[in-house]
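Remarks on the structure that follows.
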Amino acid sequence: MNRIIELINKLEKEHILPKSELAYIIENHTPETDEYLFERARRIREAHYGKDVYIRGLIEFTNYCKNDCLYCGIRRSAKQAERYRLTEEQILSCCESGYALGFRTFVLQGGEDNFYTDELMVKIISEIKSRYTDCALTLSIGEKSRESYEAYFAAGADRYLLRHETADSAHYSRLHPKNLSLENRKRCLSDLKSIGFQTGCGFMVGSPYQTAENLAEDLIYIHELQPHMVGIGPFIPHHDTPFADEKAGTLEMTLLMLGLVRLILPNVLLPATTALGTIHPKGREKGILAGANVVMPNLSPKDVRKKYLLYDNKICTGDEAAECIKCLGNRMNSIGYRLVTDRGDWKN
Ligand code: SAH
């Protein structure tokens, strides 16, 4: 039997492989072995979540950031970024329109912006959770102290997304400024998990200097951490960053990673990301067909959308949330899946 097929079968059974075998798949997979993998991944996904696709309303509430990650379009030194912050009132009005559209999870994402003190975040979290008792709230606001995470959790936040970006510390330091470390990123993730958040890590595919070994290490770290969610999207260059002239990650490699992660963590919440939809017109549909089960349409006010540009050519920045949800609904139906009105919690 084909060596790749053999390894995919072994991964499905044992949920992890030695690094060399993961790297072997990454370097030698073919369209045929991909089809086999995706078929296995869909079967596993459907056993846990059926044909349901969960939606998360993404509220990009600030593009101020104190960090200077080399890949990111809202990094501190990105001079062209037009900075904005949403008020508590504006955030609540996003939730209101999102609720009416069927969203039962709101995701507050932003740069690391100290304007939003823990006190202010706790106020916003408490207000959202008291108005929308049947909704889950996810935060994606970067690296904080354990005490801060505890305060957000006590205020009612349910989930936290913090991509680890790469599990290789040398690679990490080529993507980030000196003051940031993989060690602290991992500390944050283990704090978040032990506090009780449904926790998400993740990485970019095709980031500068990334090797097949690095991707294998990402998969091994994911298996170690056992997160509830994993965010995976292609790296896409942004013109106002040091990586402006680097190549984007590919559709093929991103789909491969989604399929492999579904075999490693059978019940993971796995988004088909906006970045995947940006590099290919059918990217999100293909992501679902490779084992993903979540989409995260934008709920940010229309006038700020074009300002939250982590990478160039981001899709859906001109549409109202209602249009996005209709379009995504049609896209999911076209491949035999359905968007559902549900908190979409992790299932054990
Ligand atoms: N400040 C928060 C949110 C970051 S934005 C945090 O630190 O977690 C969310 C994700 O977008 C990042 O984790 C990163 O993986 C991704 N991202 C940033 N720049 C990108 C780019 N140029 N291409 C693709 N994804 C990018």
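Each ligand, and each atom within it, is numbered from 1 in the order the structure gives. Model, not experiment: these values are computed from the prediction.
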Original post:
Honestly, is Arg104 close enough over Tyr99, meaning NZ or CZ under 6.0 Å from the six-membered ring centre and within 45° of the axis?
Top reply: yes
Original post:
Think Arg85 forms a cation-pi with Tyr64, using NZ or CZ under 6.0 Å from the six-ring centre and within 45 degrees of its axis?
Top reply: yes
Original post:
For the residue pair Tyr149 and Tyr152, does the interplanar ring angle fall in the parallel (under 30°), tilted (30 to 60°) or perpendicular (over 60°) class?
Top reply: perpendicular
**OP:** Using a strict cut-off of less than 4.0 Å between a Lys/Arg side-chain nitrogen and an Asp/Glu carboxylate oxygen, indicate whether Glu39 and Arg43 qualify as a salt bridge.
**Re:** yes
Subject >> Salt-bridge criterion met for Arg3 and Glu6 (N-O under 4.0 Å) >> reply: yes
[X] N/O to ligand 1 N/O under 3.5 Å:
X      : value
Tyr71  : yes
Arg163 : yes
Glu165 : yes
Ile236 : yes
Ala275 : no

**OP:** Run the contact test for Arg185 against ligand 1 with a 4.0 Å cut-off on heavy atoms, strictly below, and give the result.
**Re:** yes
Original post:
With a 4.0 Å cut-off on heavy atoms, is Cys65 touching ligand 1?
Top reply: no
**OP:** Check each atom of ligand 1 against the heavy atoms of Leu310 and keep those under 4.0 Å away; list them by number with element.
**Re:** 5 (S), 11 (O), 19 (N), 20 (C), 21 (C), 22 (N)
**OP:** Apply the test ring-ring contact (aromatic ring centres under 6.0 Å, His included) to residues His238 and Tyr71: give CA-CA distance (whole Å), side-chain angles for both, the deciding distance (0.1 Å), then the verdict.
**Re:** CA-CA 7 Å; His238 184 285; Tyr71 45 82; over 10 Å; no
Original post:
Protein heavy atoms: any of them under 4.0 Å from atom 2 (C) of ligand 1?
Top reply: yes
